[in-house]
Visitor: 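Attaching a single structure in structure tokens format; questions to follow.
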Amino acid sequence: MAKRLTRREALSTAAKIATGVIVAGVVAGVGGYYAGSTAAAPVTVTKTETRTVTTGASVVTSTVREVSTTTVTSPVTVTRTVTAPAAPAKPLKIGVIGKSVHPYWSVVDKGSAKAGDELREAGLDVTVSFWVPYKEDVPAQLKTMDSYIAEGYAGIAVAPSDPDAIIPIIRKALDAGIPVITIDTDAPNSDRLAYLGTDNYMAGRAAGEAMLEALKVMGLAKPGGKIAIGTGSLTARNSLERMQGFRDVVEPAGYVCLEPVCDYEDAAKALELAAATLAANPDLVGAFGVYAYNGPAWARAVEEAGKVGKIAIVEFDATKENIEPIKAGVIYATVAQRQYFMGYYGAKLLALMNMWGWESALKFFVPRYPANKIYDTGVDVVKKANLRQYYEEVTARGEPVDWTPD
Ligand code: BGC
């Protein structure tokens, strides 16, 4: 019985199908060769493809898909092999460019490296490299992209710290025949082929809802209460969209957001700014950490000021440094991204674009492409109460975790 593949299964196996690992053709209906001197009777030939694919680590399943049904009147050999596009002749280099050195980005790196391993196992000659600047550094991102273009990379996935500054270099790559997608944070006014990542406006709204809940649960709900925001960028869209989404929820509920403090993805600076903001605003009721290290910075500053329980903290991401303060009851909730899949699917999509052609690969990966060019990787809102459940889900999905729920 043919098993229907879930979208995730299909995506994780796409590389194997692409390289033609198993693309045996099977013809059902009639077999053999119709010989004879008189015209053969019309015969209906149903061509089907058998695809054997590996899902997850070891499960093997087969799907049989009807390709076409034709009526032929001449003698016909009905055995046919359906072949996938040949693997490209030259070795493929795929580059993934992140935004700063942080365990958040190490997870993206792991995802893209895993994709590289699977692609090589499937017979593709591919190298997947990962690069991040130390902290937010727009010129360094552009320079790195430029060097990838000069080296003839086969695809680039980039998280642009500045969605406008990246526009010309994306165009340059595309003109050189190199597909470019964005991950983690988008540049929708560029010609990038797709964005794989969080819907940051909606995720910001989720953070706002979590903040309202935290204020209520902690007995801090107060009309006119002040909430501080710490972020790592005033240009990256993910930062701007998260802050907008957050404000759109907490402000109508009567809270006042302070002007965001920006550390340009420098975690040490984030801590200094958090401490200074707390000192300057003794009446603060809440603090929102926009980037991965911002929540931990608020947590430490709140602890050092002896204000645990008096300031509700909501953050983003789920590395160990994000989860420990949740376990300790210092941070109320986090909006956990699924960045592993940004790296994993990002690298696979770029490889497949080289195998199948850009459009075919994009249509396979991105729902409703080309009308839609966004693949939403999703988020989980994690609190102390659902930490164990989240841990179980995240490990079942195969995402690496560097913490335990207890
Ligand atoms: C963001 C990244 C950022 C990282 C830094 C994440 O929340 O999505 O853009 O670079 O935090 O810590």
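Numbering of ligands and ligand atoms starts at 1, following listing order. Nothing here was measured: the structure is a model prediction, and the numbers come from that model.
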Visitor: Taking side chain as C-beta onward, heavy atoms only, is L174 less than 4.5 Å from W358?
Guide: yes
Visitor: Please name all residues satisfying salt bridge (Lys or Arg N to Asp or Glu O under 4.0 Å) with D376, sequence neighbours left out, ordered by chain then number.
Guide: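 Residues passing salt bridge (Lys or Arg N to Asp or Glu O under 4.0 Å) with D376: none at all.
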Visitor: With a 4.5 Å heavy-atom cut-off, do L193 and K373 have their side chains touching?
Guide: no
Visitor: Run the side chain to side chain donor-acceptor pair (under 3.5 Å) test against Q339 and tell me which residues pass, sequence neighbours left out.
Guide: none
Visitor: Measuring from E265:CD to K99:NZ, what's the distance to the nearest 0.5 Å?
Guide: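 The distance works out to 4.0 Å.
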Visitor: Return the set of residues passing side-chain contact (heavy atoms from CB on, under 4.5 Å) with A267 (not counting sequence neighbours), or none when no residue passes.
Guide: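 Here the qualifying residues are Y293.
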Visitor: If the criterion is any heavy atom closer than 4.0 Å to an atom of ligand 1, which residues make the list?
Guide: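 Only K99, S100, H102, Y104, W105, D184, N238, R242, E265, Y291, A292, Y293, D317, Q337 have heavy atoms that fall under 4.0 Å of ligand 1, ordered by chain and number.
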